[in-house]
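Residue numbers start at 1 and run along the sequence shown.
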Amino acid sequence: MKKKWIVYLFLFFLFKILSAQNKHILYDFDEIPQTLMLNPGAVVSFDKHFGVPLLSNIYFQFGATNKNMTYNNVLADSDGITDMLSNVYKYNLSDKDIFKLDQRIEVLNAGLRFKNPKYYLSFGMYEEIYGYASYPKDLADFFYNGDYGQTGNIRFDTKTNFGNINFIGSLTGIFHVGISNQITQKINVGIRLKLIS
């Protein structure tokens with residue numbers, strides 16, 4: 001009995017640190033064509049569809065590791081980009097703070113039913129951007145204080161390190177085509193092929 005509980009506790013802590021999904025997705029929406037992107041074997045009740053380019057599926061997320069960096073805190077009393085950068089600077093972030101950007105825009109999504117009504121073909125293209133950046137503390141200090149520093153006295157002995165500018169990102173274009181086949185009233189299968197560039 002003890003071994004069983006140890007296995008359960010191990011699995012609990014293992015799954016607690018894992019993340020299986022990074023986007024918020026609504027399931028059981030068979031009425032929208034984007035369901036075929038999640039489940040190529042979904043039951044399709046329509047004969048054709050066409051997604052409006054750049055408007056039919058948009059996803060955007062921006063975040064930071066510092067828990068004080070919230071949307072309201074950054075945009076509080078800000079009239080423009082300068083005020084927003086000033087609000088970020090007030091939190092005295094370190095080089096270990098990370099900013100993250102995820103974005104997805106659907107460029108084209110279309111589909112049509114074959115002459116044999118059991119088959120439905122869907123195809124399209126979307127692009128994704130992923131980016132991570134560390135906070136460049138020395139550069140931010142130099143930008144806001146110049147050579148004078150926070151004390152107001154000119155700093156001759158302090159060096160600005162531009163080496164802590166760190167950014168990594170990727171832009172990916174995905175072309176996809178899929179087909180759905182209704183075998184029986186209760187069984188529907190599908191397959192989707194993706195070409196990633």
With heavy-atom distances below 4.5 Å as the criterion, would you say the side chains of [X] and [Y] are in contact?
{"X": "Ile183", "Y": "Val189", "value": "yes"}
{"X": "Lys194", "Y": "Met37", "value": "yes"}
{"X": "Phe46", "Y": "Pro33", "value": "yes"}
{"X": "Glu127", "Y": "Glu106", "value": "no"}
{"X": "Val44", "Y": "Arg113", "value": "yes"}
{"X": "Leu36", "Y": "Ser122", "value": "yes"}
{"X": "Thr35", "Y": "Ile32", "value": "yes"}
{"X": "Phe167", "Y": "Phe99", "value": "no"}

Do Ile191 and Tyr119 sit in the same hydrophobic cluster, where Ile, Leu, Val, Met, Phe, Trp and Tyr count as joined when their side-chain heavy atoms come under 4.5 Å apart?
-> yes
Find out if a path of hydrophobic residues (ILVMFWY) with successive side-chain heavy-atom gaps under 4.5 Å connects Met125 to Leu195.
-> yes
Nearest heavy-atom neighbours spanning [X] and [Y]:
{"X": "Ile105", "Y": "Gln103", "value": "CG1-NE2, 2.8 Å"}
{"X": "Ile196", "Y": "Ile174", "value": "CG1-CG1, 4.0 Å"}
{"X": "Ser180", "Y": "Ala42", "value": "OG-O, 3.5 Å"}

Judged by atom type as modelled, is there a donor-acceptor pair below 3.5 Å linking the side chain of [X] to the main-chain atoms of [Y]?
{"X": "Arg104", "Y": "Tyr126", "result": "no"}
{"X": "Asn166", "Y": "Ala133", "result": "no"}
{"X": "Asp97", "Y": "Ser94", "result": "yes"}
{"X": "Arg192", "Y": "Leu38", "result": "no"}

About how many Å separate [atom2] of [Y] and [atom1] of [X], when rounded to the nearest 0.5 Å?
{"X": "Tyr132", "Y": "Leu101", "atom1": "OH", "atom2": "CG", "value": "9.5 Å"}
{"X": "Phe50", "Y": "Leu108", "atom1": "CZ", "atom2": "CG", "value": "5.5 Å"}
{"X": "Ile179", "Y": "Phe114", "atom1": "CD1", "atom2": "CZ", "value": "4.0 Å"}

Assess whether side-chain contact (heavy atoms from CB on, under 4.5 Å) is satisfied between Asp95 and Ser134, documenting all intermediate values.
-> CA-CA 6 Å; Asp95 294 336; Ser134 62; 5.9 Å; no
Could you walk me through whether Gln34 and Asn109 pass side-chain contact (heavy atoms from CB on, under 4.5 Å), step by step?
-> CA-CA 8 Å; Gln34 282 79 13; Asn109 190 356; 3.7 Å; yes
Centroid-to-centroid, Phe175 to Phe123, below 6.0 Å?
-> no
Test side-chain contact (heavy atoms from CB on, under 4.5 Å) on Tyr135 and Tyr89 and set out the steps.
-> CA-CA 10 Å; Tyr135 180 73; Tyr89 183 72; 3.6 Å; yes
Could you go step by step and tell me if Ile129 and Asp102 meet the side-chain contact (heavy atoms from CB on, under 4.5 Å) rule?
-> CA-CA 6 Å; Ile129 294 175; Asp102 292 331; over 6 Å; no
